[in-house]
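Quick notes on the structure that follows.
Computed from heavy atoms alone, side chains included, the values below leave out hydrogens, waters and symmetry copies.
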Amino acid sequence: IALAYNQVIELFPTGGGGYRVATKLIGPYAGVTSGAALVLDYVLTIAISIASGVDALFSLLPLGFHEYKLPAEVGLIILLIVLNLRGMKEVIKVLLPIFLGFVITHAFLIVYGLGSHADQLPRLIPATLEETGALAGQLGWAHVAALMLLAYSQGGGTYTGLEAVSNNVNVLAEPRVKTGKITMLYMALSLAFTAGGIILLYLLWDAKPVEGQTLNAVAFGAIIRSLEWEPWVSSAALWTVLALEGGLLFVAANTGFLGGPAVLSNMAADSWVPHKFRYLSTRLVTENGILVMGLAALGILLWTRGSVSLLIVLYSVSVFLTFAISLFGLCVYWWRKRAEEGKWIVRLALSATGLTVCSVILAMLLVEKFTEGGWLTVLIIAAIIGICVTIRSHYSWTKDQIRKVDEIFANQPFGSIVRSAKPDPSQATAVFLVGSSRGGGLHALLWVQRMFPDHFRNFIFLNARTVDSHSYGGSEDMKLTKMEASVALTYFVNFCNSKGWAAKSYLAFGTDPIDEITRLAEQVQEEFPNSIFFASKLVFEQENWLIRLLHNEAALAIQRRLHLLGLQMVILPMKI
């Protein structure tokens, strides 16, 4: 599955993961389903990692202390929210030593534990096969296979790391695709080594369940006692190992704070969630995403009372739903490309194998665990999809209203262009931030002319678009978007020229429109020092908190950015 997901990195080198795969390769509704599952997945990543980590830390405490597990989990989520609000560097400073400590201690325990009991391996393999055969004789091979797949699915949370890599390729070092593939390989190998090694330790060291302790605590305790250290040294060593194990789960919880806002950003670009989540370069927006993920995780943790068994069911369903949709999208892609790609059949087989495994596990989870929490996962994902469809419907209605404004301005008198005036950098300059709406741009232009008659001598129009030329379909999308944006900008320039006004336009492409507009604004300010920037914001007759949540974040974010640079910007109301 990790190898199949390398194809996601190749097709979408600026990130997006399962959401982008489903949207681009299957369709928008497959995309929103994958996105809803991913949002829940990252929320549950935080909740279950914290709950499992606290379980590890409390393993050596008396049972009387276990009533304090839930308050400890709540406190740790709040701590992670605070650390992430302070910035990613602050989080790394705290979590990196924990990660390195876990790697060193667990690698030693696994290698030593396997090596010291290596003489038992020849007997372990036939004994395991014999027990499995005996079980199959009682239940049938189909039941045994189903039992193993169901057990395997309980570890589905580890797949979140693979999704997180593909979702955040844009933050990796260049060359991003190569770095992403290497990261994916390291993750797959380390997960296989750790999980496989620990399962072998359970068998070789005859680990049995003990009330109040994790099975890791039992197995590692036996290994450490075999070293014949002083009792207090052995106790301290086990505490250290379990503390690092709990700490690593807190590192895993932080994946939710990184991946969650990234998914919301991709969904916001397609109007499934409020547009304000799109602009991750704006600190306030990033903080909003962190708060959404953290508070949602806190709510689910309190609702489930920190029950790891229930959280695992919720988690596994959402994880394997996301992977099944993504891998189905890859199968569709390679089938369509069979006439163009020489190795399409190998890649299709790889994707189809992953799809089969994930689909079977998902179906079994829904059947076997439906009454144990599977129904709740389905309900939550359906609720998220319902909210997303409602938000997108509102944005579609708003676009229809803006088209009506465009129609009003469509008949605006447009004189002939005999000789266009050239902009004079020494004169007062009005700079307009425009999109594809001609009505919006003309509304702002005429408003400024009415309020400041004959004051501005130059009229500059800026537009920034988000298109990834390296992603699947990116070059075609970029050509179409560039043509559309150029036509709109040319219209504004020609309109000004027809009035005898000097005009000029600038167009930029990038992964974040706010960054691109800021760069263009600095460029224009250098060329035209006497500039004032103008942008429109929508004003609704019946405005409420929901409308305020869904609109105008971009204009306000750009205004904050330009004001910090010492540039003047005015936001104009546009009633619809």
Side-chain angles (χ1 to χ4, degrees), residues 1-39 41 159-170 172 175-185 187-188 259 262-263 265-267 269-270 272 318-363 385 388 466-481 511:
I1 291 176
L3 290 172
Y5 243 63
N6 275 338
Q7 300 169 49
V8 177
I9 295 175
E10 291 175 356
L11 293 174
F12 301 97
T14 52
Y19 171 74
R20 291 281 293 280
V21 171
T23 301
K24 293 286 187 180
L25 303 185
I26 306 175
Y29 287 99
V32 73
T33 302
S34 179
L38 272 172
V39 169
D41 188 11
Y159 283 100
T160 306
L162 305 183
E163 171 62 36
V165 173
S166 66
N167 198 37
N168 294 277
V169 181
N170 56 309
L172 298 177
R176 290 181 300 194
V177 172
K178 183 178 179 181
T179 304
K181 287 184 174 182
I182 292 172
T183 306
M184 194 75 82
L185 177 64
M187 289 193 67
V263 173
S265 175
N266 285 310
M267 294 181 73
D270 295 330
W272 292 115
S318 63
V319 166
F320 286 105
L321 175 60
T322 298
F323 273 80
I325 293 173
S326 300
L327 292 167
F328 177 71
L330 290 174
C331 290
V332 171
Y333 175 79
W334 291 118
W335 180 254
R336 289 173 181 165
K337 293 287 182 179
R338 64 187 184 279
E340 304 170 26
E341 296 284 345
K343 297 181 179 180
W344 71 272
I345 194 165
V346 175
R347 298 190 171 211
L348 175 61
L350 184 62
S351 301
T353 303
L355 172 62
T356 302
V357 173
C358 290
S359 300
V360 170
I361 290 175
L362 177 62
I385 293 172
C388 291
T466 307
V467 174
D468 178 15
S469 61
H470 300 291
S471 289
Y472 168 76
S475 57
E476 291 79 6
D477 289 346
M478 190 166 186
K479 289 177 184 176
L480 185 62
T481 304
T511 55

Atom of Ser351, atom of Trp334 and distance for their closest heavy-atom approach: OG-CD1, 3.9 Å
Nearest-0.5 Å distance, CG of residue Leu25 to CZ of residue Phe328: 10.5 Å
Cation-aromatic face contact Arg338/Trp335, 6.0 Å, 45 degrees: yes
Among Leu355, Ile361, Val360, side chain to side chain contact (heavy atoms under 4.5 Å, CB included) partner for Val357: Ile361
Under 3.5 Å: donor-acceptor pair, side chain of Thr23, backbone of Tyr19: yes
Intermediate values then yes/no, side-chain contact (heavy atoms from CB on, under 4.5 Å), Cys358 and Ile1: CA-CA 9 Å; Cys358 290; Ile1 291 176; 3.6 Å; yes
Spacing of CG belonging to Leu38 relative to OG1 belonging to Thr322, to within rounding of 0.5 Å: 4.0 Å
Gap between atom CE of Met184 and atom CD1 of Ile9 - 0.5 Å precision: 3.5 Å
By side-chain contact (heavy atoms from CB on, under 4.5 Å) - contacts of Leu350 (at least two apart): Leu3, Ala4, Gln7
Step-by-step side-chain contact (heavy atoms from CB on, under 4.5 Å) determination, Thr353 to Thr356: CA-CA 5 Å; Thr353 303; Thr356 302; 5.8 Å; no
Salt bridge present between Arg347 and Glu10 (N-O < 4.0 angstrom): yes
Derivation of the side-chain contact (heavy atoms from CB on, under 4.5 Å) call for Ile325 and Thr33: CA-CA 9 Å; Ile325 293 173; Thr33 302; 3.8 Å; yes
Leu185 atom CG: more than 12 heavy-atom contacts under 6.0 Å: yes
Close side-chain approach of Val39 and Met267, heavy atoms under 4.5 Å: yes
Sub-4.5 Å side-chain heavy-atom contact between Leu327 and Leu330: yes
Pairing residues for Tyr5 by the ring pair (Phe, Tyr, Trp, His ring centres under 6.0 Å) criterion, not counting sequence neighbours: Phe323
